[in-house]
K.L.:
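After the structure tokens below, expect a handful of questions from me.
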Amino acid sequence: MRALEVIGVEKSFGGNKVLKGISFGVEEGETVGIVGPNGSGKTTLLNVIGGVIRQDRGRVLAFGKDISSRRPSERARLGIGRTFQITRLFSNLTALENVMIALHYGSSLPATKEKALEILEEVGLSHKAKDRASSLSLAQRKRLELARALALQPRVLLLDEVFAGLNPVSIKEIVDLLKRLREERRITLILAEHVLKALFQLTERVLVLSEGRLIFDGRPEDMAQNEEVIKAYLGERYVGKGS
Amino acid sequence: RLGAAVSFSGKYAKEGELLKRGYELWKERVNAKGGIKVGNKRYKVEIIYYDDRSDPKTTAKLVEKLITQDKVRFILGPYGSAQVFAAAGVVEKYRALMVQGGGASSKIYRQGYRHVFGVFNIAPDYGKNLIDLAVSLKPRPKTVAIIYEKDIFSEDAARGALEEAKKKGLKVVLFEGYPKGTQDLSSLMLKIRMKRPDVVIGAGHFKDSVLVIKQLKQFRINPKFVGLTVGPPVPAFVKALGKDAEYVFGPVQWSKAFRYKDPLFGSTEGFVKAYRERYGEDPEYHAAGGTAAALALQIAIERAGSLEVDKVRKELLSMKVETFYGVIGFDETGKIVTKPMAVIQIQGGKPVTVYPFREAEPVYPKPEWK
Amino acid sequence: MSGKVLEVSDLRAGYGDVEILRSIHLHVSDGEIVAIFGSNGSGKSTFLKVVAGLLRPWGGSVRYMDEHIEELSPEERVRRGIALAAEGRKLFLGMSVEENLLLGSWIKRDKVRENLERVYEYFPQLREKRKTLAGDLSGGQQQMLSIGRALMSEPRLLMIDELSLGLAPAVVDRLAQIILSIREKEGISILVVEQEVSLALEISDRAYVFDLGTIVDEGSSEELLRRDSIRRTYLSLM
Amino acid sequence: MDLLLQLLLEALLLGTFYAFLSLGFSLTWGVLNILNLAYGSLVVLGSYLAYSLFNAVGVDPIVSLPISFAVGFGLGLLLQASFVNRVIKLEPFMVLILTFGLDILISHTLNYFFKADIRSIDVPYAEGSLVVGNLIVSKVKLLVFILSLLFTFLLFVFLKFTWTGRAIRAVALDVEGARLVGISPERVFALTMGIGTGIAFLSGNLYGILQGFTPFDGGFLTVKAFLVSVLGGLGRVESALLGGLFLGTMEIFVSFYAGESWKLFASLVLMILVLIFRPRGLMGGKYYGEA
Amino acid sequence: MARLEKVIFIFFAVLAVLPLLLPDWPYWGRVLSSALMLSSLALAQNVLLGYTGYPAFGGIAFFGIGGYTTAILMKSYSVPFLPSLLVGGMVAGFTALIIAPPLMRLKSHYFAITTLALQLALGEVVANLEFTGGTDGINLPIYRGPFEGYFFHFMFLFLALISFLINLWVDRSVFGYALKAIREDEVAAESVGVNTVLFKSFSFGISSFLTGLVGGVYAYWITYIDPTSMFDPLLSVKTFVALLLGGVGTTIGPLLGAFLLEMVSEIVWSGLTEVHGIILGLLIVLGILLVPRGILGVR
Ligand SMILES: Nc1ncnc2c1ncn2[C@@H]1O[C@H](COP(=O)(O)OP(=O)(O)OP(=O)(O)O)[C@@H](O)[C@H]1O
Ligand SMILES: Nc1ncnc2c1ncn2[C@@H]1O[C@H](COP(=O)(O)OP(=O)(O)OP(=O)(O)O)[C@@H](O)[C@H]1O
Ligand SMILES: [Mg+2]
Ligand SMILES: [Mg+2]
């Protein structure tokens, strides 16, 4: 079954067309990378799928259900979890509480707490459980966002630049974590990402956005050969270096 | 010991000050005679005052404080119907006793309160008297505009005027209220200016009266008859407006032209004289009302020979005494039912009684503003 | 002058009573590009904040052009030529791109126009978006604006936190070129925090490696690039 | 027809005064992100200053205008030095309460010294009114109108054509960001607070000429200033003018056709609707300090 | 924390027997009632501001609604007190629930001021209508019945207890966590599955229901109400000062703040009646400058 289907989505901000007729589908358990120049509309696209932004035109289907006009919270409960490019944590609450809130349809409080701790452990943040989210460093915040999204038991995970600002060690850890999740729970992953090295370890399929248009949909290897993609996104030098 | 929460500041500062003078004059007079006689003991009178800033809920709070904290059982009323109204509930709740000469709204007496008495004729009489006078003048006016401040007293007074005007066949071209504390009546003035009424009645308090006159002049509105419920008899009215105050009419609860005997001052004249000696100007009705309220309370206490609220209350209900202020007697609801009102006009910078009996002839129609 | 634009010794700093930086020794010479990398949460950003004056050091000394600046306010430091493109960017989100840039030249008001042209040359995207509110920019565009604004004050020492954060590869490339050419043309010193180690070492002359609030390694970039420990931890993984 | 003209005239005169009155308020709001609930009381303070100067020393209330501004400016600096700098870091809502406390403090202090009596400054040469055809204009209103217009224009020029204006806004948006480009936020705060309070005093001076006032007028003046700021949208002098005229017109027409008593109600409801449906004011444009 | 909360229950118990112990009850009864009333109001607002992050500066609008509903039912329809009160609270609560979705799109001081405008506007409406008694206000019947001198003390004590329990529940429950998430970041809250509109409306409704109840009891207690006293911005301020003084977002803070503020202002009021306004203003200013986070503040 298709985990996600985006059909002809358009969005503009005050005359500025940011998404122009985007359509694609993602199978359950598949991992898809979204890349593209800065300002090409990746974040906007994730926001439309997550429901934070309402599209002007087009539809979004999840597991066959039309969710185009559902609230973000409903989508979350349908199993669409996400992280934000510029992190949006509950900054005055502790890391633990941040995760607990996402778990809030769980059972009793102590049980929830235990579950939350487990998830923090999973993303390697259990030593910061009692710290306030606002005191975390950038990378720690990213991990916490991931933990919070995982707490929803998502079937689809939208990740907006999770690797940005992470050092190679952390990147490796997160990559491994995501791989494991994919295997254990068949989670569908959609990553908007600039850290291609990390991305390519995870995915077999890349979508390239440019000025709000989908200009490429295919394997990473082919992407590096695609003239248009090179011009719009990668730059000559990247190709030169070879990947 | 008595207590009073009166307005010394705010909208009603002028009237409140006069009321206090009335209380003070009474106190000094009584204390000079050795105090109030209860049974065979005499008690010196002491009055605790608080300033309610012309704000009813402050009044209520202060009266509550007087009763619970200062342990006062007998309250001399505040100035202003709204204030009296607010105080009344508190007095009733604690079963204290209030005699007041500062609130005239008829609403005060419609609450079924048993511990509140008042020496003012009720507010509709203010309006009624003004209209009665107006229609008795030649040439008989045909149209009237009535504007009022939206407070418990003024609205009541304005309705009195409205009813009387209808009864006497005057055409009411404007009947409109404005909120408390309004400082600019431009839009009302524009309306009056359009309707050109013969009579303008303004129901409000001192400050409103001054404002109405100023703005009538500013908008060059010249009715034949201008009557204001509160203000004209107060000396400060003339002071504030000078020449513009001339020929304005105003109803009074009491006039120094009254002729009565009095147990404390001997007679109305005696009261006027005492007041003049003490304060250097003639008394008007606000002060007189204060003195009269206190006097009524005193008489009731002395007759009861006790400081128990219930006994004093019984005496108040049954009393019928002649004082400088007129005959004081109350009905079941606590309002005075035994005395007349009058109307004055400012002439030569002084209020003179022109109705129902004439110290001087009323000047009518009123000359234009200059 | 000792030839050192920035010289930090035995610097300690933290938040509340948690010590984050313990005894940092670091310097930047005139015209040098220095990179900082290291594990997450090791205090890199904290260090830049201290140099920019946004955070008071607990101890140690910070000297800029041979003068102690520990007590100076951030704005005074800007006046003397220290600019920071901060983590979290600190842009004026409710103002247009151009206004953000203009304000970057607050202390060089007479040369606004020139500076503006220069920055637009470096970042043509910003010229296109110059009427857009900074808050409506995409993440990468904001990063450019942040660096552009820092350049507007004609700094002597330019500090950039997370240089390539969220930028498309093409932009990263260009940025690397830009950094080098800025140094070339303007002869200023640059201190960058960068996670992408190969990039960091490529553009810098020297580098420091942070871990847990201390410097665990340092040296010329070429040297570090060859060093085994670095290769193993930071470069071989991918 | 005459009536309509008359009403529009009144609206113009009143609205322009409201516009000027609100400028100081919207400035401190926009820049310092301080919703100064004590603003009205500061205005009233200005009225009492002019009143005292007039009654005690005999200074003409027009001559006292520069004095008012200077005193207000000084007071602004003082306020700034004594707490605004500390408060700026607090949650906006805390500041709201704080300034309300300040409002209570000022109004009750005034009440203590001046009592709650209604005072007025009578300008002898502006008494009475002009009659043009069937229109009637009170001279006082005309005078206040002209002065308000003049000051509004001056402020417009200052904000529009100076670097200071830009710095002021930068600080409003991101204090640390401003520091990073070399602006001293403290100085900008001081300046803004000074100008804002100066305007409060100036308009207080005008208010005193316009009509009677009491120590407790501050509350509803704050409401007016707030209304105008919200109606027009924050941040621009033009918006304030629009907001002022809008409010003035509405007040005049509502009080004429629906009665004086519904005036405040109408403006409040209007404001609520505008806030909910056009939170950026009628002129659009984003508020300062909002991403 | 948990221990401190036990202390609060003891405190409530003490308050319950206090009427038997204190001499000069009418006086102390009044003071304690005021303090308990303020506590309830502060606790009610705490649900909204402390946990949900919405400062309903004009929350006293619902005090007015509750008070007037109760008063009108009792006076014009001769409904007994308790049913009237309950209806009063519910009218307040439902009104809040209904207006919440559009109103709560506004945040921070925009929300604060809009609710304040609402409060003033309602005051104006009430002042202009006939059946509300207009500006004249309403005189309620006077309570004559068992425990005459203590009745209102117990009523307010009961309300404060209820409010406190609700706060405790919110502080600990899953529901409360959802509110806290809204307080911190609504977009993020939505993204983890919290229906923000629903939850914040509920929070507003609960807070307003409590506020409405307090208004109803107050009206009956004070016996005379008018628009200025029931929609009084000063009461809003006092509520929030109590709340902020004690500590927003804690269960005990509001109680502590309210008692502190009421005791201090009682002392000031009875000792220095003439200048109490000045002192009150000064206290607010100093209080916020000195303890900007509240005595027990967490945020
Ligand atoms: N709220 C908004 N209002 C107006 N324009 C917006 C808004 N949000 C985004 N934009 C514009 O839409 C375009 C796409 O932005 P988006 O954040 O989706 O880009 P992106 O692909 O995620 O870029 P990056 O890689 O830099 O994060 C940008 O040009 C941006 O300026
Ligand atoms: N405002 C703050 N209050 C308390 N602790 C903080 C604060 N900011 C950062 N920290 C802590 O200080 C440590 C160092 O943070 P810093 O941001 O300097 O790290 P960094 O090296 O820049 O990490 P990253 O690579 O993730 O950006 C972290 O453990 C973080 O939790
Ligand atoms: Mg993005
Ligand atoms: Mg960092």
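Computation of the quantities below employed the complete heavy-atom set of this structure, encompassing side-chain atoms and omitting hydrogens, waters and symmetry-equivalent molecules. Every chain is numbered from 1 and lettered A, B, ... according to where its sequence line falls, protein lines coming before strand lines.
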K.L.:
Between Phe25(D) and Val228(D), is any pair of side-chain heavy atoms under 4.5 Å apart?
P.N.:
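Heavy-atom side-chain distance check fails, nothing below 4.5 Å.
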
K.L.:
Between Gln218(B) and chain D, with a heavy-atom cut-off of 4.5 Å, which part of the residue counts as in contact: side chain, backbone, both or neither?
P.N.:
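For Gln218(B), the contact with chain D is made by backbone and side chain together.
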
K.L.:
Could you work out, with ring-ring contact (aromatic ring centres under 6.0 Å, His included) as the rule, every residue matching Phe85(B), not counting sequence neighbours?
P.N.:
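With sequence neighbours excluded, Phe85(B) shows a ring-ring contact (aromatic ring centres under 6.0 Å, His included) to Tyr224(E), given in chain and number order.
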
K.L.:
Decide if atom CZ of Arg196(B) counts as having more than 12 heavy atoms of other residues, nucleotides or ligands within a radius under 6.0 Å.
P.N.:
no

K.L.:
Which bit of Lys141(D) comes within less than 4.5 Å of chain B, counting heavy atoms only: side chain, backbone, both or neither?
P.N.:
side chain

K.L.:
Heavy-atom distances under 4.5 Å only: say whether Lys150(B) touches chain D with side chain, backbone, both or neither.
P.N.:
side chain

K.L.:
Determine whether more than 12 heavy atoms belonging to other residues, nucleotides or ligands lie under 6.0 Å from atom CZ of Phe153(D).
P.N.:
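Atom CZ in Phe153(D) is not crowded, with 12 or fewer foreign heavy atoms closer than 6.0 Å.
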
K.L.:
Given a strict heavy-atom distance threshold of 4.5 Å, which part of Leu210(D) is in contact with chain B: side chain, backbone, both, or neither?
P.N.:
neither

